[in-house]
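Take a look at this one; I'll ask things after.
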2 protein chains.
Amino acid sequence: MTLDERKLRILSAIIDDYIETAAPVGSRTITRRHNIGVSPATIRNEMSDLTELGYLDQPHVSAGRVPSSKAYRLYVDRLLSAWSDSELPVDPSVNEYFDEKALQMEDIVKTAVQAVSSLTRLTAVAVLPGQPEMRIATLQLVPMPNGSALLVIVTDSGIVRDTVIHVSRRLDMDGLYAISRTLTENMAGHTLMEVQAMLDAYAARSSADQRVLMGVRDLAAQMARQASEDSVAVEGAHNILSYPEFSDLDKARTFLSTLEAPDRLISLMRDNDQPVSVRIGTELGIPDMADCSVVNAGFSYGGCCGTLGVIGPMRMPYGQVMRTLYTISQRMTNLFAEVR
Amino acid sequence: MTLDERKLRILSAIIDDYIETAAPVGSRTITRRHNIGVSPATIRNEMSDLTELGYLDQPHVSAGRVPSSKAYRLYVDRLLSAWSDSELPVDPSVNEYFDEKALQMEDIVKTAVQAVSSLTRLTAVAVLPGQPEMRIATLQLVPMPNGSALLVIVTDSGIVRDTVIHVSRRLDMDGLYAISRTLTENMAGHTLMEVQAMLDAYAARSSADQRVLMGVRDLAAQMARQASEDSVAVEGAHNILSYPEFSDLDKARTFLSTLEAPDRLISLMRDNDQPVSVRIGTELGIPDMADCSVVNAGFSYGGCCGTLGVIGPMRMPYGQVMRTLYTISQRMTNLFAEVR
DNA sequence: TGTTAGCACTCGACGTTGATGAGTGCTAAC
DNA sequence: GTTAGCACTCATCAACGTCGAGTGCTAACA
């Protein structure tokens, strides 16, 4: 049985009301607040059908109805198909979060996550998949005041890492640059893994400062380790405390501890190839999160693609969230194109 | 009226019990769990006196007693004076959080805050006061893959900042180094403020790449801005959700929003000159925080001194917290001495 | 055949009541 | 000064009744 126009209108009205108020919606409320054009009794008959079909849940016999995850799924699918007919709508309020400055890749991600969290008042997450094949672009040693040196490594995808390493005291800025130049000439274009091997070999037969070489190798190793793992950024974790869904402290704690486990977070943010994807309740496949939803949007940097997303209660304003995420993810893709 | 030995023992027993259980302590509980050597009735008489004197509160007539802030103050003062007689005790479990690596100053702070939060299971905060007089040690431009450059500035206090700036496309690594060298020769030893003025003057009469000079000036300006403000690091904010004191969601939200306001946080972390300082309840001077306490310890880096602290419910294991903070703050001071 | 008014019914929310028990304060005896 | 005994207080909890929002069903209506 497929839903006729009136059933869809009623279902949609219930979802809108419920998203706004978080309280079960009754038949009279609908006639008051939406112009369906029939009496509560008729609405009740329709609601009874919708319940039968699995689109509505009834917390108990004398409360109103609550949309089921199936209802949200339908609602979201209709939004998506409406959008795919025309241009995807963008959210102009995004602009105030991004200014014209040339940003490092990690700053862009941070800005984006903050923007999403603050615009949606939900928890925003970004996942950058590991790039084990990242190649070195430049190595540079910078003198530090206490005689050690700052080692800066820049990769071809614009990722910057630095660390302090110990060096022989006789090396001044020129000396460090000479080393930087040699290292860059030899290492540029190689992956982080290759560089480690090269340095081990090189160190054995070279008279260069062993501590420098080992420092470079260690940072390369650390970067390789970090780079091969997915990295995660979270913002607005305790926004969720304002939602009545989480007025139970235990639920809130469960939610927050999920956010602190990068593995689970990464599996929640798995992206598919749509511009915006929505997973609702049990679709997430995690029992603890069965009454939450995740919306995410992909962005690309380099050859790779990351995911920007939002986690929140199943009752969330999907339309607005999807619009915001889509807009910001597009913006990120553009910014990354500039960085490279 | 001053407290005799027995009153002190009883008060101390009540505080210890209450810190452990978070439940009002009755007279029988004390005789069972502590060896005072008198009957519950006698304890009751003493407790009545202690209540009269303001050391104990009575939530209602037939619950046990709860220590007042005055009681915690006495308790903490006695701990402090016991310690000042001998060596301050250290907490050996701190070691596993710090390894031998040479760390950047900001990494040290981050590690310390994480260690405190995880050892105390409370919210840890570090405040670094602004250093408007910070001087430049080295400026270095590093080529980025897309033709722009990474500008790295190292200050005399070991603070590192970098940003991406646009440069003319003709500059390769050697060209950038030549500029870096000139810039460093001219700027080293000057404050961030001076550097901005110098660059403005220099740019006017120089043929050097204006975009580089402006990029350096902008980063110097940004660093000066950041450096003149106190900076704050927080860790373990939602540890407090596990404490029954915060089972009221509104209280938890108030607490968490205080943590998000750097100004209030900085005023909470104001340090005095003791090695470890404790402020309890209303001593904090913030109505919203009247049932919280703050413990903090100073550390020094460069000529300046920062504060490492803990915020939590008034009922916290002061002894352990003070020990942990003292140990870590000492460790930080040592590490900073190495960095410089 | 679809829509609607009417009405009995359900069940959570909320307030009241009473029993329970931990803990106190007082008194009198030791 | 200490202690046993005892009346008293008051939060907690379960049981119970009331209230009202909302439903489902039925019969009448267009």
(request) Name the residue closer to the 5' end of DNA chain D, choosing between B:Gly37 and B:Pro59 according to the nucleotide with the nearest heavy atom. (result)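 Final value for this comparison: B:Gly37.
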
(request) Let me know the distance between CD of A:Glu46 and P of D:dC25, rounded to the nearest Å. (result)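 A:Glu46 atom CD is separated from D:dC25 atom P by 15 Å.
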
(message) Rounding to an integer number of Å, can you tell me how far B:Gln58 CD sits from C:dT24 P?
(response)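 In whole Å, C:dT24 P and B:Gln58 CD are 7 Å from each other.
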
(message) Any side-chain N or O of A:Arg65 below 4.0 angstrom from OP1/OP2 of D:dT23?
(response)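 So the side-chain polar atoms of A:Arg65 do come within 4.0 Å of the phosphate oxygens OP1 or OP2 of D:dT23, strictly under.
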
(message) If the threshold is 4.0 Å, N to carboxylate O, is there a salt bridge linking A:Arg33 and A:Asp16?
(response)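 No.
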
(request) Kindly indicate whether the side chain of B:Arg264, heavy atoms from C-beta on, has any atom under 4.5 Å from the side chain of B:Met289. (result)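 Answer no - side chains too far apart.
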
(message) On a heavy-atom basis, which atom in A:Leu122 and which in A:Asn239 lie closest, and how many Å separate them?
(response)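 Minimum heavy-atom contact is O-ND2, 3.0 Å.
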
(request) Compare side-chain N and O positions of B:Ser27 against OP1 and OP2 of C:dT24 and report whether any pair is under 4.0 Å apart. (result)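 Result: yes.
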
(message) Any side-chain N or O of A:Arg6 below 4.0 angstrom from OP1/OP2 of C:dT3?
(response)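 It does, given that an N or O in the side chain of A:Arg6 lies less than 4.0 Å from OP1 or OP2 of C:dT3.
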
(request) Could you work out which one of C:dG25, D:dT3, C:dC11 sits closest to the side chain of A:Val61? (result)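 Among C:dG25, D:dT3, C:dC11, the one nearest the side chain of A:Val61 is C:dC11.
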
(message) If I take atom CD in residue A:Glu52 and atom C1' in nucleotide D:dT23, what distance separates them, rounded to the nearest angstrom?
(response)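 After rounding, the gap between these two atoms is 15 Å.
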
(request) Check the distance between C:dG23's C1' and B:Met47's CE and give it to me in whole angstrom. (result)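 One finds 9 Å between C1' of C:dG23 and CE of B:Met47, rounded.
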
(request) Return the value, rounded to whole Å, for the distance between atom CG of A:Leu50 and atom P of D:dT23. (result)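 Result: 12 Å.
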
(message) At 4.0 Å (heavy atoms only), tell me whether B:Ser39 reaches a base, stays on the sugar-phosphate, or touches nothing.
(response)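 Sugar-phosphate: the residue B:Ser39, judged by heavy atoms under 4.0 Å, touches backbone atoms but no base.
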
(request) Rounded off to whole Å, could you give me the CZ-to-P distance for the B:Arg32 and C:dA22 pair? (result)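 Atom CZ in B:Arg32 sits about 9 Å away from atom P in C:dA22.
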
(request) Assess the side chains of A:Thr51 and A:Arg65: does a donor N or O sit below 3.5 Å from an acceptor N or O? (result)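 Checked: A:Thr51/A:Arg65 side chains pair up, N/O donor to acceptor below 3.5 Å.
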
(message) Which nucleotide, if any, forms a Watson-Crick or G-U wobble pair with D:dC19, using both distances under 3.5 Å?
(response)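 Across any shown strand, D:dC19 pairs with C:dG12.
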
(message) If you only use heavy atoms from C-beta on, which nucleotide in D:dT3, D:dC6, D:dC25 is closest to the side chain of A:Arg44?
(response)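 In terms of side-chain proximity for A:Arg44, the closest of D:dT3, D:dC6, D:dC25 is D:dC25.
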
(message) Only pairs with both distances under 3.5 Å count, Watson-Crick or wobble alike; so what is the partner of C:dG18 in this structure?
(response)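 Matched C:dG18 with D:dC13 under the 3.5 Å cut-off.
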
(request) To the nearest Å, give me how far apart CD1 (A:Ile14) and C1' (D:dT23) are. (result)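 Answer to the nearest Å: 13 Å.
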
(message) Can you say whether a donor on the side chain of A:Ser62 sits under 3.5 Å from an acceptor on the base of C:dT10, or the other way round?
(response)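 Counting by modelled atom types and ignoring angles, a donor-acceptor contact under 3.5 Å is found here.
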
(message) Does the structure show a Watson-Crick or G-U wobble partner for C:dT27, both distances under 3.5 Å? Name it, or say none.
(response)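 When the pairing criteria are applied, D:dA4 turns out to be the nucleotide that pairs with C:dT27.
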
(message) Below 30° counts as parallel, above 60° as perpendicular, anything between as tilted: where do the rings of A:His238 and B:His238 land?
(response)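 Perpendicular, since the angle between the ring planes exceeds 60°.
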
(message) Measure CG/A:Asn45 against P/D:dA27 and give the value in whole Å, please.
(response)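 Going from A:Asn45 (CG) to D:dA27 (P), I get 15 Å.
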
(message) If you only use heavy atoms from C-beta on, which nucleotide in D:dA11, C:dT4, D:dG5 is closest to the side chain of B:His60?
(response)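 The answer is D:dA11.
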
